[in-house]
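Read the numbers this way: they start at 1 and go in the same order the structure lists the ligands and their atoms. The figures that follow rest on heavy atoms only: side chains count, while hydrogens, waters and symmetry mates do not.
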Amino acid sequence: MYSKILTLNFPKTKAQKPLVCNLARRFDLEFNILNATILPRKEGKMVLELFGTPKSFKKGIQYLKDNGVRVKNADSDIKRHEDICTHCGACTAVCPTDALSISRPDMTVIFDQKKCSLCELCVRVCPARAMYVRPTQDSFFGE
Ligand code: SF4
Ligand code: SF4
């Protein structure tokens, strides 16, 4: 299980819906709401810490996005040093979202940041240390 601090921006029409509660009900995720400004018929903003397995995380985030919620990673971003990566493929074996995948027939490793769930598993296994965490305050989650 891992956790991330996320910023959620709710459109006006969704501010009244129990989307966050459904993360627990439907996707077995736990959360701590750190800050929330949600007014009736107005756009809302919430900062929460989310806990769960990579699979639950992915499904829960997709559920929010499908409901028009903009999800930002409040604290970090995953990047790759393109000049350091040797395309060994080790990261593709652990990446739960296929953000890292092998392109055939040239067998190069492609990094699709849009699919990244920020689990940081690739950072731990990359022998070349090409994958790294970049602190940020305002990166869109999975966009
Ligand atoms: S494990 Fe590191 S060096 Fe190997 S393909 Fe992935 S990013 Fe590149
Ligand atoms: S942090 Fe790495 S292993 Fe995890 S989803 Fe993103 S690219 Fe894949």
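- At the shortest separation from atom 2 (Fe) of ligand 1 among protein heavy atoms lies Cys126 SG, 2.3 Å.
- Of all the heavy atoms of Val109, the ones lying under 4.0 Å from any atom of ligand 1 belong exclusively to the side chain.
- Residue side and main chain included, Cys88 places no N/O/S atom under 2.8 Å of atom 8 (Fe) of ligand 1.
- Interface atoms of ligand 2 facing Cys116, defined by a heavy-atom separation under 4.0 Å, are 1 (S), 5 (S), 6 (Fe), 7 (S).
- Each of the atoms 3 (S), 8 (Fe) of ligand 1 lies under 4.0 Å from some heavy atom of Thr86.
- The closest protein non-hydrogen atom to atom 8 (Fe) of ligand 1 is Cys85 SG, 2.4 Å.
- Contact of the Val133 side chain with the Ile78 side chain is registered, since non-hydrogen atoms from C-beta on lie closer than 4.5 Å.
- Protein heavy atom in closest approach to atom 1 (S) of ligand 2: Glu120 N, 3.2 Å.
- Near Cys91, the atoms of ligand 1 lying under 4.0 angstrom from a non-hydrogen atom of the residue are 1 (S), 5 (S), 6 (Fe), 7 (S).
- Closest to atom 4 (Fe) of ligand 2, if we only count protein heavy atoms, is Cys119 SG, 2.3 Å.
- Atom numbering of ligand 1 starts at 1 in the shown order; those under 4.0 Å from a heavy atom of His87 are 5 (S), 8 (Fe).
- Contact of the Val20 side chain with the Asn22 side chain is not registered, since no non-hydrogen atoms from C-beta on lie closer than 4.5 Å.
- Residue contacts with ligand 2 do not include Val94, since none of its heavy atoms lies under 4.0 Å from the ligand.
- The two residues Lys58 and Thr97 make their nearest non-hydrogen contact at CD-CG2, 4.0 Å.
- Atom numbering of ligand 2 starts at 1 in the shown order; those under 4.0 Å from a heavy atom of Thr97 are 5 (S).
- With ligand atoms numbered from 1 in the order given, ligand 2 contributes 7 (S) to contacts under 4.0 Å with heavy atoms of Phe111.
- No donor-acceptor pair closer than 3.5 Å links the side chain of Asp28 to the backbone N or O of Ala24.
- Interface atoms of ligand 2 facing Ala99, defined by a heavy-atom separation under 4.0 Å, are 7 (S).
- The contact set between ligand 1 and Met131, taken as ligand atoms under 4.0 Å from a residue heavy atom, comprises 7 (S).
- In this structure, Asn67 contributes its side chain and Val69 its backbone to no donor-acceptor pair below 3.5 Å.
- Looking at heavy atoms from C-beta onward, Ile61 lies in side-chain contact with Leu6 at the 4.5 angstrom threshold.
- Looking only at side-chain heavy atoms (C-beta outward), Leu8 and Leu48 come within less than 4.5 Å of each other.
- Taking 2.8 Å as the threshold, Cys122 does not count as a candidate ligand of atom 8 (Fe) of ligand 2, since none of its N, O or S atoms lies below it.
- Applying the 4.0 Å criterion to heavy atoms of Pro127 picks out, from ligand 1, the atoms 1 (S).
- For the atom pair Leu100 CG and Cys91 SG, the distance stands at 4.0 Å (nearest 0.5 Å).
- With contacts defined as side-chain heavy-atom distances shorter than 4.5 Å, the pair Val123/Tyr132 does not qualify.
- Taking the six-membered ring for Trp and the full ring otherwise, Phe27 and Tyr63 have centroids separated by under 6.0 Å.
- For atom 7 (S) of ligand 2, the closest non-hydrogen atom of the protein is Leu100 CD1, 3.5 Å.
- Met46 has its side chain within reach of Phe10: a pair of non-hydrogen atoms, C-beta onward, lies under 4.5 Å apart.
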